[in-house]
Novice: 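Let me give you the structure first, and then I'll get to my questions.
Quick caveat, the model's predicted, so the values are computed rather than measured. Side-chain atoms are counted along with the backbone in the values below, which use heavy atoms only and exclude waters and symmetry mates. Below, chain A is the first sequence line, B the second, and so on; all start at residue 1.
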Amino acid sequence: MSSPEDRRYMESHEWHKLEGDVVTLGISQFAVEELTDITYVEAIVSEGEVSKGDSVAEVESVKATSEIYTGIDGEVIEVNQEVIDNPSLINEDPYTKGWLLKIKVSDPAQLDELLSPADYDAQAG
Amino acid sequence: MLKKTPFYKFMQDNGAKFVDFAGWEMPISFGSIIEEHNQVRNSGGLFDVSHMGRVKFSGRHARRFLERLLTRRISNMKEGQCRYSLVCNEDGNVLDDVLIYKFEDYWMLVVNASNREKLLKHFDDVKGDLVVKIDDQTESTAMVAVQGPKVMEMIGQFSKEVPSLKRYGFCQKNLLILKMTISRTGYTGEDGVEVILGANMANMAVKLLLKDKGDDAAVKPCGLGARDTLRMEAGMPLYGHELDEETNPFEAGLDFAVSLDKDIDEMGEKFIGQEALKKVKAEGLKKTLVGLKIDGKRTPRQGMTVKNGAGELGIVTSGCASPTLGCPIAMAYVKPGTVGAGDKVIVELGSAEIEAEVVALPFYKAEKK
């Protein structure tokens, strides 16, 4: 499986896509397949400042509950309400419709510290 | 190195996603746990359960050995019967929950994969001077569970005898020249069978059982994910969740599987843990298993605290979003006498607290046909 090239990843399976000074955050196809059917999404942080490593959301599947982390500092400016209303969107389309949060970033260069698609794919197996 | 069951290739070809379960590479799902769950409730599903331990006991003292080992009476079992039983330690706490099969001149015990090594050691301790041959056949055999309301009809195409079996009855059938054991047992709350067969027959058998393919097939392959949600709805315990070495059978509501007077009849023999369990019965329980139903979306998970206005009540052992009930459910141990069916309790989720209603187990019961 190869992950989209236009974003950066965390070992804990979050993707970060930078457009202008806004990062969109979601979870990878690998994570979705691990979790199986997603039944519930909760934004722990729906607005305000977050720092790299903060837990920003929780995703529940039939099987387990997982915390979702941000890999970047910034300000949460939007939560994907469609995903909260219909969590299965993440299963169907984790990389576009299934995004979770948008974060206005203070230092885009921080993204370079995250995993490249190739490195992520190598560790996610 | 993870062990693979004889069905591995077949399951892989059918799109299984695998997971490490007790050292075995097992199918967790074939895409959607919810779809597989519903497939079993509405029609039929086939599970590879070859990872479970299968141990054969024979010899002059095999029955006496099992009488000591198991909490359930063995002396009155007839050939072709299986019984659910527990293996306890001297403290009366649960080492494993098992199924014992009585054959003409030997016995077979099916144990949890996660407890197999521990039990094999325990068998040696229990054996003492008894003449009993203990033969771990786990890796030379395979096992599938075929579960769901349409399963008996499907099996009826191959055998008239199987659909006439009583619950917990079993028979032996030949597939060509190879023998397999088919019992009317399961772990989903549905009617169905479990089949034990030689590892070398596994592929032939599974192809036969799943010969109808496509979206409307009566029986489809299912994974351990659905097996877990199915057993939770049926209120069945899972070792490591509702059962462990800090829990006795009465706390888990498994009184039916314990015979405290096993030693009184002529053929009887005291079982390990019997004295401790008599004491438990006399002194009362420290915890009791209840069901929780949640009117909301968040699911309680193992280890979360259950409380009410009066303080802490206990701890969640299992939880899932129930596909059949359409809401989250959980099982939890609580202090006896503190809450009953209909009472509201609080579960601490970490980031939030949710309200849950205490309900009687099981959450789901199949309609009797």
Side-chain angles (χ1 to χ4, degrees), chain A residues 1 3 12-13 27-48 50-51 53-70 76 79-94 98 100-101 121 123-125, chain B residues 2 15-21 25-40 222-233 238 241 294 296-304 316 318-330 347-354:
Chain A
M1 173 176 4
S3 301
S12 46
H13 310 294
I27 60 173
S28 72
Q29 181 73 38
F30 180 85
V32 165
E33 287 174 15
E34 286 293 304
L35 287 165
T36 69
D37 312 89
I38 293 169
T39 56
Y40 181 75
V41 176
E42 168 122 349
I44 296 174
V45 184
S46 52
E47 54 181 6
V50 290
S51 306
D54 285 358
S55 169
V56 290
E58 279 182 316
V59 172
E60 290 200 1
S61 70
V62 176
K63 221 168 80 182
T65 304
S66 303
E67 292 200 63
I68 309 301
Y69 300 95
T70 171
V76 176
V79 171
N80 186 356
Q81 192 58 42
E82 279 185 46
V83 148
I84 294 195
D85 295 339
N86 178 17
S88 63
L89 269 185
I90 304 178
N91 290 100
E92 290 160 20
D93 188 2
L100 295 170
L101 300 169
D121 290 344
Q123 69 101 35
Chain B
L2 292 178
K17 183 177 164 45
F18 293 91
V19 68
D20 170 7
F21 187 89
E25 205 167 350
M26 300 302 296
I28 181 79
S29 158
F30 294 79
S32 165
I33 291 176
I34 296 173
E35 275 174 29
E36 289 160 37
H37 181 108
N38 293 334
Q39 172 73 22
V40 173
C222 296
L224 293 185
R227 189 169 156 85
D228 194 36
T229 54
L230 289 159
R231 70 94 194 165
M232 262 189 248
E233 286 184 351
L238 173 62
H241 288 258
I294 291 88
K297 289 190 166 169
R298 308 252 15 207
T299 307
R301 307 285 181 187
Q302 184 174 31
M304 290 176 174
V316 174
S318 294
C320 71
S322 161
T324 310
L325 279 73
C327 68
I329 57 169
V347 182
E348 290 181 1
L349 254 65
S351 60
E353 291 189 342
I354 53 165

Novice: Given that the side chain runs from C-beta out, which part of A:Ser61 has a heavy atom under 4.5 Å from chain B: side chain, backbone, both or neither?
Specialist: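 Interface part for A:Ser61: backbone (N, CA, C, O).
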Novice: Between B:Thr229 and chain A, with a heavy-atom cut-off of 4.5 Å, which part of the residue counts as in contact: side chain, backbone, both or neither?
Specialist: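 B:Thr229 touches chain A through side-chain heavy atoms alone.
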Novice: Crowded around A:Glu47 CD? As in, over 12 foreign heavy atoms under 6.0 Å?
Specialist: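 No, because the 6.0 Å sphere around CD of A:Glu47 holds 12 heavy atoms or fewer from other groups.
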Novice: When rounded to the nearest 0.5 angstrom, what distance separates OG1 in A:Thr36 from CD in B:Glu36?
Specialist: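 Rounded to the nearest 0.5 Å, the OG1-CD separation comes to 9.0 Å.
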Novice: Kindly give the heavy-atom pair with the smallest separation between B:Arg301 and A:Val62, and that separation in Å.
Specialist: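 Distance-wise, the nearest heavy atoms are NH1-O, 3.4 Å.
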Novice: Given the rule in the side chain to side chain contact (heavy atoms under 4.5 Å, CB included) test, do B:Leu349 and A:Glu42 qualify, once you have shown the distances and angles that lead to the verdict?
Specialist: CA-CA 12 Å; B:Leu349 254 65; A:Glu42 168 122 349; over 6 Å; no
Novice: Step through the shown structure and confirm whether more than 12 heavy atoms of other residues, nucleotides or ligands are within 6.0 Å of CD on A:Glu67.
Specialist: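 Yes, enclosed.
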Novice: When heavy-atom pairs shorter than 4.5 Å are enumerated against chain A, which of B:Ser322, B:Ser32, B:Cys320 gives the highest number?
Specialist: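 Heavy-atom pairs under 4.5 Å are most numerous for B:Ser32.
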Novice: For the candidates B:Lys297, B:Arg298, B:Lys17, which exhibits the highest count of non-hydrogen atom pairs separated by less than 4.5 Å from chain A?
Specialist: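 So the answer, after comparing B:Lys297, B:Arg298, B:Lys17, is B:Arg298.
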Novice: Got more than 12 heavy atoms from elsewhere within 6.0 Å of CD, B:Gln302?
Specialist: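 More than 12 within 6.0 Å, yes.
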Novice: Quick one: CG on B:Leu224 to NZ on A:Lys63, what's the gap to the nearest 0.5 Å?
Specialist: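 Rounded to the nearest 0.5 Å, the CG-NZ separation comes out at 10.0 Å.
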